[in-house]
Student: 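I'd like to ask you about the structure that follows.
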Amino acid sequence: MPKDVYFISTSLEANIDNTKNKIFAGNWCISNYDQENSIDKNLVLGDVWEDKKERGGDYKYLQNIIKIYSKGLSSYLNSIHGYNFSDKFWKSIFLSWLSIYLPAYYYRWKIVKKITKKKKNLKFYDLYNLESKDAPLDTYDFHYKVSSDNYINYRIFRSLIKFFIKKNNKIKLIKKKSPNYKKKENNGDKSYWLNFKIKKIFNYFLYLIFNQNKIFIENNVFRIIDNIKLNFLLGQFPTYPNDTFSDSFGFKNFYNNKKTNLKRRRSHNLRLGKNDEFTKFIETNMRDDLPICFIEGFDNLFKYMKKISIKPKIILSSHNHYFNELFKVWIAYLREKKYSKLFIVSHGGGGFLKYPSCLKFESQISDKKINWHKSNQINEIQLPASKFLTRKTIKSSNEFISYVEGPTTLFPSRIGYGTINNGSPNLHANFTDFYKRLKKNLKKDIIFLPKKEYEVDTTKYLRNYLSHNQIKENNSFNKYNKRSKLNILSYPETTFSESLTTKPTILLYDKEKWQFDIKFKKIYNSLIKNKILFHDPKKAADHINLISENINQWWQTRSVQQVVGEFSKKMCMVTENSIDIWVKELKKNIRD
């Protein structure tokens, strides 16, 4: 008779009765390396999207169901709020959330499906003392928690297990009390509420000023000096430092004290229009999972949005259409009434990848997409990279060789986004292999620049190799870029584009992790040929050992500069007259 195996989904259950046979959903279940090192690797599931072919197939599947779901979800939201808005209206509000929600759930679905096939007699701890399920506040709240929070991830896995039990009676739930669990109290921050009220009063005056602008430029689209220059050349009042929407995450006060009303949510039918096992599961859960700002908090957002008197002809957004809920309701309404057009501007340099983590939802909510890279898609154009319009070339100093870390999440979230790891030594296998291979005199020049966005200590085991002074503060690329003689990037996105166009740069990452779009294959091959891009850390170290006496001599060779120029032309446009190009294009669109 097969032995019972306990499925461990998060670290919450990991230390309950260590005498039991266990299988772990991922290394996020394990809180320290000593524990991880003592566990059979076959009992810890690997990344289900490690295979690029499978990841590519799932990417297309998720894109397809997002398109199908949009109509059903729009109808549901119209029904629950008593409106008759178009699908276009609602997609501006929920697509950024849906492009995170579906991949996050599908990843965990694949894990549970794999384990239930592999282990016949499966048991799962049902932690009965966890507080009742509350929906996330908004899109960012879900994004952050699904990437880093044990409780929300446990609840997702538990809901999946309960769904699978219906077809597999050999899965058993074992009631247990979660150790060390304390319910979080949210009493609000009085100073935050006071600040909110002051900003609302101040915003009424700004609305009168910005209502004269024909183009609304979100203050995150361009750097400060470029925001001021562009608005001046367009004859407008600059939207820096306050565009009235309170940064990329917006005012949460409209909904952060609202409670999930499951009775109201379940009183309206949600029919999503696709019929496979995964979508059946989603259809039974999505009403409860929708962010509070879409249901209980929507009326407050909508009422306040009606007070915003700004009605520009064009809206430029780079960040706010992701996580700023008031901004999303505002653009949805203005587009619905045909007052404004939305132009989405790339906020980073990863658009040349084959599978961007946003599932390309932006093309579904924008009237025009402005990219850093060349595109042949309808309603997409290339303009100079919005973050680098006016900047001086940074002269390389001889202080550091900077190794720049990519994003790391404890739990998987968006498809193709970052690395999933709990901070264990294998997280930086590429770096340690690279570092060990360097000449001794170069090792002292290495500094490590962490990119900490979530609750993962990614540098703990690097201290076996690097001194305290060599591991710098989080998110400090801009600071040390000025003092580096060479940058080594571990991911091919915004920071790589910025680095490549300013100073000697090497890109080093696992070949299976990211894929360039097929139309940029020639540049990809040229980057490899000219030793700018490596997939083998030892070969990258050998190259640096060879050029270390005169890095600039290698960097300034004709062939290297040709490929850098080609990259700048086709994948991250940088020119001397960038501001003029932008002004000309925007003025043309005002006239159209």
Side-chain angles (χ1 to χ4, degrees), residues 66 69-102 133-145 186 188 193 196-197 199-200 203 244-272 282-283 285-311 315 317 320-337 339-340 342 361 364-365:
I66 279 180
Y69 277 14
S70 294
K71 191 170 185 63
L73 190 49
S74 297
S75 296
Y76 174 78
L77 291 169
N78 271 327
S79 174
I80 203 166
H81 292 300
Y83 291 119
N84 191 30
F85 289 128
S86 67
D87 295 351
K88 182 174 78 171
F89 173 90
W90 290 111
K91 286 198 291 186
S92 296
I93 294 168
F94 67 66
L95 270 189
S96 58
W97 167 78
L98 197 59
S99 70
I100 302 168
Y101 174 81
L102 287 176
K133 176 180 170 183
D134 289 318
L137 274 178
D138 53 25
T139 305
Y140 184 74
D141 186 47
F142 176 77
H143 171 60
Y144 186 85
K145 287 179 178 177
N186 180 20
W193 275 94
F196 171 59
K197 290 180 180 179
K199 281 186 175 181
K200 282 205 301 182
N203 281 351
T244 76
F245 284 97
S246 188
D247 71 45
S248 301
F249 307 107
F251 297 110
K252 298 180 183 292
N253 306 67
F254 292 112
Y255 48 81
N256 66 351
N257 282 333
K258 296 288 184 179
K259 299 296 182 184
T260 308
N261 186 338
L262 292 179
K263 183 178 179 181
R264 181 188 176 194
R265 290 170 177 238
R266 295 171 182 175
S267 66
H268 296 261
N269 292 326
L270 175 61
R271 296 287 181 263
L272 296 173
I282 290 296
E283 197 164 288
N285 283 269
M286 186 180 282
R287 288 180 299 181
D288 295 0
D289 293 334
L290 285 165
I292 285 171
C293 64
F294 295 173
I295 308 295
E296 294 81 8
F298 181 79
D299 284 346
N300 285 349
L301 285 168
F302 193 78
K303 286 175 184 176
Y304 184 80
M305 177 277 299
K306 295 292 288 289
K307 298 177 183 179
I308 301 174
S309 59
I310 310 171
K311 293 181 175 63
I315 299 167
S317 174
N320 288 5
H321 60 280
Y322 273 88
F323 299 127
N324 190 312
E325 305 299 343
L326 177 63
F327 180 85
K328 290 193 287 182
V329 174
W330 178 64
I331 61 172
Y333 186 76
L334 293 186
R335 293 181 74 227
E336 183 81 357
K337 296 297 181 181
Y339 295 140
S340 307
L342 175 64
F361 83 89
Q364 296 188 56
I365 67 168

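Start at 1 with the first residue, then count along the sequence.
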Student: For Lys71, is the NZ atom crowded, meaning more than 12 foreign heavy atoms sit under 6.0 Å from it?
Tutor: no
Student: Trp97 vs Phe294 aromatic rings, parallel, tilted or perpendicular, using cut-offs 30° and 60°?
Tutor: perpendicular
Student: Are any of the side-chain heavy atoms of Tyr304 and Val329 separated by less than 4.5 Å?
Tutor: no
Student: Given side chains that start at C-beta, do those of Ile295 and Asn261 come closer than 4.5 Å, heavy atoms only?
Tutor: no
Student: Under 4.5 Å between any side-chain heavy atoms of Phe323 and Asp247, yes or no?
Tutor: no
Student: For residues Thr244 and Trp330, determine if any side-chain heavy atom of one lies less than 4.5 Å from a side-chain heavy atom of the other.
Tutor: no
Student: Any side-chain donor-acceptor pair under 3.5 Å between Asn300 and Tyr255?
Tutor: no
Student: Within the side chain of Glu336, is there an N or O that forms a donor-acceptor pair under 3.5 Å with the backbone of Lys88?
Tutor: no
Student: Relative to the ring of Phe361, is the ring of His321 parallel (under 30°), tilted (30 to 60°) or perpendicular (over 60°)?
Tutor: tilted
Student: Just wondering, do Leu137 and Lys145 contact through their side chains at under 4.5 Å, heavy atoms?
Tutor: no
Student: Is Arg265 paired with Glu296 through a side-chain N to carboxylate O contact shorter than 4.0 Å?
Tutor: yes
Student: Is there a side-chain contact between Phe245 and Ile308 in this structure, where contact means two heavy atoms from C-beta onward sitting under 4.5 Å apart?
Tutor: yes
Student: Would you call the rings of Tyr83 and Phe298 parallel, tilted or perpendicular if under 30° counts as parallel and over 60° as perpendicular?
Tutor: perpendicular
Student: Counting C-beta onward and ignoring hydrogens, is there a side-chain heavy-atom pair between His81 and Phe302 closer than 4.5 Å?
Tutor: no
Student: Evaluate Phe254 against Phe196 for ring-ring contact (aromatic ring centres under 6.0 Å, His included), listing each step before the verdict.
Tutor: CA-CA 10 Å; Phe254 292 112; Phe196 171 59; 5.3 Å; yes
Student: Are Thr139 and Lys328 close enough, and set up right, to give a side chain to side chain contact (heavy atoms under 4.5 Å, CB included), and what steps lead you there?
Tutor: CA-CA 11 Å; Thr139 305; Lys328 290 193 287 182; 3.1 Å; yes
Student: Using side-chain heavy atoms (C-beta onward) and a distance below 4.5 Å, is Ser74 in contact with Phe85?
Tutor: no
Student: Are more than 12 heavy atoms from other residues, nucleotides or ligands located less than 6.0 Å from atom NZ of Lys258?
Tutor: no
Student: Ignoring hydrogens and angles, tell me if any N or O in the side chain of Arg271 forms a donor-acceptor pair with the backbone of Ser75 under 3.5 Å.
Tutor: no
